[in-house]
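Working notes for the structure below.
These numbers were taken from a predicted model, which means no experiment stands behind them. A, B, ... follow the sequence lines: proteins, then strands. Residue 1 opens every chain.
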Amino acid sequence: MIDLKHLREDPEHYKKGAARKHARVDIDRVVELDARKRELMTKRESLKAEQNTLSKESGPKIGQLAGRIKKAVGAEASRLQAEMDELKAGPARLKSEIEGLESELAGLEPELEKLLLMIPQPPDPDVPDGPGSEGNVEIRRWSPPGFDPSKPFAGQKGFVAKSHTELGEVHGLMDFERGVKLSGSRSYVLTGDGFRLHQAVLRYAFDQIVAQGFTPVSAPSIVREKAMVGTGFFPAGREQTYEVGIHEANDAGERAWEADGYLTGTGEVGLMGFHMDEILDEDDLPIKLCTLSPCYRREAGAAGKDTAGLYRVHYFEKVEQVVICKADEGESRQWHRKMITYVESLLQSLNLPYRLLQCCAGDLGQKNADMIDVECWMPSRGEVDKDGVPAGDWGETHSASRLYDFQCRRLNLRYRAGGANGKGATTFCHSLNNTVLASPRFLIPLIEMNQNADGSITIPEVLRPYMNGQERIG
RNA sequence: GGAGAGGUGGCGGAGCGGUUGAACGCGCCGGAUUCGAAAUCCGGUAUGGCCUUCGGGUCAUCGGGGGUUCGAAUCCCCCCCUCUCCGCCA
């Protein structure tokens with residue numbers, strides 16, 4: 001949610017922001033509706049004030065009269081009744097006027113509300129413009145000694161890389177056929193060491209981020225609509241989300257469907273929704289939370305894209321981190337950089353080549369002011385040559401977002417300056433979130449980069465404690 | 001799933017159609033007293049919106065949303081949540 005007051009003062013800022021994100025929202029209409037709404041409110045309130053004054057004045061009198069009317073008879077009763085009717089007439093006249101204004105207000109509020117929820121957070125000035133993910137700009141890259149992603153895999157390793165799906169089949173790590181049988185497209189089954197490696201790397205990442213001072217939180221992954229709207233995933237991302245609910249027969253005896261929950265596509269929803277509608281103490285900030293949660297995504301609109309393998313699936317598990325901090329741009333930016341360094345050290349400890357991308361305005365979601373993606377090198381991706389050997393390519397594994405107070409406004413998540421007993425004003429917090437590790441997508445670089453000439457897979461040293469000391473697969 | 005009870009300020013707890021934005025108690029803040037503290041006494045102590053000549057004014061909010069009424073914390077309807085008992089169950 002953007003700051004309506006700020007939009008009123010500087011609508012151009014939000015128009016430009018929306019244009020940079022290629023979002024179509026009618027800012028002028030918002031300004032118009034807002035102005036009209038305030039005009040109506042001011043009128044209604046002064047009428048209400050008048051009505052309240054009158055009511056306070058005549059109220060007790062009406063009460064007394066009512067009592068006397070009960071006891072009175074004949075002409076006395078009708079005289080008192082007339083007196084009471086006159087007293088009632090004053091506030092009653094105001095009532096119809098107020099009702100008129102209120103019905104007009106009720107008419108425009110849903111439209112205003114709907115538009116407000118769709119206005120994107122403007123990208124920061126230092127975020128480059130661009131059409132979409134193809135406009136993202138590489139910031140830096142890292143590779144372990146002895147491997148350079150810009151050179152062919154075979155030339156460096158002495159053998160042609162197998163894809164994770166090939167390796168998976170050889171070692172019985174995953175089963176796509178049965179996954180589809182069970183669950184349809186983009187489904188998979190992890191088996192044997194595949195499942196173990198999946199759990200090992202998630203648990204390793206989880207332990208690493210907990211060691212960085214993040215509080216582990218296991219929050220629900222079926223949430224109410226309010227949490228989806230609050231975290232900024234609804235209404236825009238509704239078609240990406242699975243609904244859960246109960247089938248009941250309606251009055252006509254038909255099977256009626258009512259959604260009463262939504263499967264979250266990221267642990268971010270549970271972590272940020274955790275403090276929804278709260279006023280935190282300034283002393284308690286920053287709040288650093290992490291989770292390991294199931295993630296469900298419809299992948300609507302991605303038909304035909306990345307259909308093979310573990311890259312784009314409907315269900316996965318993810319270790320996620322969020323930071324809720326003071327409304328200070330400097331602090332916010334500092335946490336953004338810090339979260340990325342956690343990921344970098346994680347990837348370095350696993351010896352996986354990666355690069356950082358500054359996402360361009362066109363690739364930012366509605367809620368982000370800034371986003372840094374991390375991509376790992378995946379030998380099975382990229383263009384395929386005449387011998388059928390893929391060139392390898394970067395694939396997104398992480399995404400770190402900086403949101404200012406956009407999300408906390410929606411969540412109504414504030415803090416009070418001056419600590420627990422302080423008398424300071426309340427302010428919306430800033431929020432940030434980042435992937436720590438998402439699997440099974442992460443198994444792609446993990447398996448493919450650790451494969452050996454004989455087809456075996458070396459388990460990185462840091463993961464061995466999570467694999468009962470096992471050093472290799474195959 | 002069945003039956004019942006209930007949701008009021010930071011907390012406890014009154015009120016159940018009109019000077020109630022809400023008694024009283026606790027907590028918290030400021031002051032007095034004190035060498036200092038405890039105790040005591042006095043005062044203060046919600047959030048959000050709109051307007052503002054920046055002094056303030058005003059509206060809304062007693063789980064949420066509608067309704068009745070000149071007037072609703074109080075009456076009616078729908079929803080959400082909590083608790084108790086029974087049933088079922090990883």
note = Residues at least two apart in sequence or cross-chain that pass side-chain hydrogen bond (donor to acceptor under 3.5 Å, both in side chains) with D124(A), listed by chain then number, are R333(A), R402(A), Y404(A)

request  = Using side-chain hydrogen bond (donor to acceptor under 3.5 Å, both in side chains) as the criterion, list what pairs up with T427(A), not counting sequence neighbours.
outcome  = none

query = Does F406(A) have K367(A) sitting over its ring (NZ/CZ under 6.0 Å from centre, angle to axis within 45°)?
reply = no

task = Please list all pairs passing the ring-ring contact (aromatic ring centres under 6.0 Å, His included) test where one or both residues lie in residues 4-45 of chain A, with sequence neighbours left out.
result = H6(A)-H13(A), H6(A)-Y14(A)

Please name all residues satisfying salt bridge (charged side-chain N to carboxylate O under 4.0 Å, His left out) with [X], sequence neighbours left out, ordered by chain then number.
X: K37(A); value: E109(A)
X: E320(A); value: K318(A)
X: K338(A); value: none
X: E471(A); value: none

If you measure from the [atom1] atom in [N] to the same atom in [M], how many Å do you get, rounded?
N: A3(B); M: G18(B); atom1: C1'; value: 38 Å
N: A32(B); M: A38(B); atom1: C1'; value: 16 Å
N: C89(B); M: C80(B); atom1: P; value: 26 Å

request  = Hey, could you give me each pair passing side chain to side chain donor-acceptor pair (under 3.5 Å) that has a residue in residues 211-220 of chain A? Not counting sequence neighbours.
outcome  = none

ask   = Tell me, which pairs form a side chain to side chain donor-acceptor pair (under 3.5 Å) where one or both residues lie in residues 175-184 of chain A, sequence neighbours left out?
value = D175(A)-R178(A)

For nucleotides 62-71 of chain B, which of its nitrogen or oxygen atoms have a protein nitrogen or oxygen under 3.5 Å away, and what is each distance?
none

task = Let me have a per-nucleotide readout for nucleotides 48-54 of chain B, 5' to 3', with B, S or -, counting only protein heavy atoms under 4.0 Å.
result = SBBS---

key: Contiguous Watson-Crick or G-U pair runs (3 or more, under 3.5 Å) in RNA chain B   = B:1-7 with B:80-86, B:10-12 with B:24-26, B:27-32 with B:40-45, B:46-51 with B:56-61, B:63-67 with B:75-79

